[in-house]
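Here's the structure, in structure tokens; my notes come after.
Just so it is clear, the values below take in all heavy atoms, side chains as well, and ignore hydrogens, waters and symmetry mates.
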Amino acid sequence: MEMQEEPTWSRETVPKVMKIVSARLPQKDLISLLLVNSWLYHTLLSCSSLWLVINLREMLNAGDRLIAALSLSRYQHVKQIELEFAQDVEDRHMELVKSKCSNALQDLESLNLNVCQKISDKGIEAITSTCAKLKVLSIYWNVRVTDMGVEHLVKNCKYIVDLNLSGCKNITDKSLQLIADNYQDLESLNLTRCIKLTDEGLQQILFKCSSLQGLNLYALSSFTDKVYKKISLLGHLRFLDLCGAQNLSDEGLSCIAKCKNLLSLNLTWCVNVTDVGVIAIAQGCTSLEFLSLFGIVGVTDRCLESLSKFCSNTLATLDVNGCIGIKRRSRDELLSLFPHLKCFKVHS
């Protein structure tokens with residue numbers, strides 16, 4: 001009797017159970033399960049929704065692994081590829097994908113190439129030419145990519161809504177012009193440490209990409225109030241990072257306060273800001289959930305009182321460390337003003 005029950009268990013019960021739980025498993029574990037038995041193998045392969053992601057994050061030989069994965073039939077409709085911090089990913093791998101596996105990327109929507117520093121404009125041209133449906137691209141900290149890479153991107157991928165160019169130090173205003181002209185439905189843009197950008201380039205983004213909900217300008221000290229004031233054009237903006245915006249004044253911040261839907265605002269080290277600008281934010285952005293004033297010596301308890309009056313029901317994160325003009329900085333004092341606070345420090 002036991003000899004008959006075991007095959008039934010393996011053939012029917014195990015596959016049914018695994019079909020339910022497999023969607024919650026890491027991809028590495030999912031692949032290991034393919035080796036358990038033939039019934040489980042066929043059951044898992046029959047679930048196409050399990051094979052929409054290729055995750056090679058932090059793996060060695062990731063370029064070769066990517067080619068191998070894309071050659072498998074189960075990944076022929078992959079929608080997301082993660083290569084963040086992956087090792088051994090080069091332009092030649094992107095070219096091999098184009099020549100041998102391009103059909104597998106027809107449905108690709110998200111590509112993460114963060115810190116794949118051996119990829120240049122040449123690799124960007126190859127990979128983007130294979131995924132016309134791409135919506136999300138992240139190439140954080142790539143100093144080989146230039147305006148030419150962005151030119152290839154806008155030529156090949158028409159539907160980008162989320163673009164992370166953080167740390168791509170060799171892109172210039174030309175890239176911003178290309179983005180503004182081609183991605184007017186863009187929802188999120190990260191330009192952290194893109195040090196060659198100027199007011200003129202960012203201005204094009206603000207004029208033409210009115211759907212932006214997230215804008216990251218972290219560690220960009222070259223912009224001025226001339227362009228900060230125009231951030232007010234972004235009526236859908238929810239996330240704004242201006243950490244290190246040394247030229248941001250109260251006047252510029254008062255214009256930004258017109259972004260009524262703002263939920264998250266990072267003003268860390270915005271050294272020219274005072275109570276006047278923060279009070280304008282409090283009065284204009286009454287749904288604010290995250291605010292960092294870290295290191296701003298020109299703000300006092302006055303701005304906290306205004307924030308408490310208008311934003312106490314929403315603020316969950318407030319960093320006033322280093323704000324020597326604010327005296328009510330203890331945890332208990334902040335909680336008395338903002339009862340929903342959960343985080344008091346976002347910078348070290």
Side-chain angles (χ1 to χ4, degrees), residues 173 176 180 189-195 197-312 314-315 317-326 346-347:
D173 287 345
L176 297 192
L189 179 62
N190 191 332
L191 299 173
T192 294
R193 299 188 190 278
C194 294
I195 56 177
L197 304 180
T198 72
D199 283 357
E200 284 66 31
L202 182 58
Q203 182 172 267
Q204 295 304 310
I205 296 291
L206 302 178
F207 281 153
K208 297 182 180 180
C209 300
S210 59
S211 296
L212 272 175
Q213 297 179 29
L215 180 61
N216 196 325
L217 304 177
Y218 183 99
L220 293 172
S221 59
S222 60
F223 295 136
T224 72
D225 258 6
K226 174 185 175 182
V227 72
Y228 288 136
K229 291 176 183 178
K230 293 182 174 63
I231 292 177
S232 63
L233 297 171
L234 303 178
H236 301 286
L237 196 64
R238 298 165 66 87
F239 171 94
L240 179 61
D241 194 326
L242 294 174
C243 177
Q246 298 178 8
N247 298 318
L248 176 66
S249 72
D250 288 330
E251 187 177 358
L253 195 54
S254 296
C255 291
I256 292 171
K258 297 176 183 177
C259 299
K260 305 295 185 182
N261 295 308
L262 204 60
L263 300 179
S264 177
L265 178 61
N266 187 357
L267 297 175
T268 296
W269 295 121
C270 292
V271 293
N272 286 316
V273 167
T274 72
D275 287 336
V276 174
V278 179
I279 289 172
I281 288 293
Q283 294 173 345
C285 307
T286 55
S287 297
L288 209 59
E289 298 174 0
F290 175 108
L291 177 64
S292 176
L293 303 175
F294 182 94
I296 303 179
V297 298
V299 293
T300 71
D301 290 325
R302 279 187 60 223
C303 75
L304 285 194
E305 292 166 6
S306 186
L307 285 166
S308 178
K309 179 179 179 181
F310 294 102
C311 304
S312 63
T314 58
L315 264 178
T317 296
L318 177 63
D319 191 343
V320 292
N321 291 288
C323 300
I324 58 177
I326 293 178
V346 293
H347 297 274

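- Taken to the nearest 0.5 Å, the CG atom of D241 stands 7.5 Å off from the CG atom of L217.
- Partner I256 forms a side-chain contact (heavy atoms from CB on, under 4.5 Å) with one of L240, L267, L234 and no other, that one being L240.
- Put simply, the side chain of T314 does not reach to within 4.5 Å of the side chain of T286, judged on heavy atoms.
- Using modelled atom types, one side-chain atom of N272 and one backbone atom of Q246 make a donor-acceptor pair closer than 3.5 Å.
- No donor-acceptor pair closer than 3.5 Å links the side chain of N216 to the backbone N or O of T192.
- At distances below 3.5 Å, at least one donor-acceptor pair connects side-chain atoms of D319 with backbone N or O atoms of V346.
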Inset, instruction - For the pair T198 and E200, evaluate side-chain hydrogen bond (donor to acceptor under 3.5 Å, both in side chains) and give the outcome as yes or no after the intermediate values. - result: CA-CA 5 Å; T198 72; E200 284 66 31; 3.1 Å; yes

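- Between I231 and C259, the shortest heavy-atom distance links the atoms O-SG, 3.4 Å.
- Judged purely by atom type and a 3.5 angstrom limit, S222 uses its side chain to pair as donor or acceptor with the backbone of L197.
- No side-chain donor-acceptor contact under 3.5 Å links N247 to the backbone of D225.
- When every heavy atom of N261 is checked against every heavy atom of G235, the shortest pair comes out as ND2-O, 2.9 Å.
- Remark: the backbone N or O of D250 is paired with a side-chain donor or acceptor of S254 at under 3.5 angstrom.
- Note: F223 and Y228 have perpendicular aromatic rings, judged against thresholds of 30 and 60 degrees for the angle between ring planes.
- The local environment of CZ in F239 is crowded, with over 12 non-hydrogen atoms from other residues, nucleotides or ligands closer than 6.0 Å.
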Legend entry - side chain to side chain contact (heavy atoms under 4.5 Å, CB included) between L293 and C303, worked out: CA-CA 10 Å; L293 303 175; C303 75; 4.3 Å; yes

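- Each of V299, D275, I296 was scored for a side-chain contact (heavy atoms from CB on, under 4.5 Å) with I326, with one residue passing: V299.
- Around atom NZ of K230, more than 12 heavy atoms belonging to other residues, nucleotides or ligands sit under 6.0 Å away.
- Among L263, T317, L307, the one residue that satisfies the side-chain contact (heavy atoms from CB on, under 4.5 Å) test with L291 is L307.
- Contact between C311 and A282 at its shortest, heavy atoms only, is SG-O, 3.8 Å.
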Legend entry - S306 and V278: CA distance, side-chain angles, deciding distance, side chain to side chain contact (heavy atoms under 4.5 Å, CB included) verdict: CA-CA 8 Å; S306 186; V278 179; over 6 Å; no

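- Between R302 and I279, some side-chain heavy-atom pair lies under the 4.5 Å cut-off.
- In this structure, the separation between CG on L206 and CG on L237 is 9.5 Å, given to the nearest 0.5 Å.
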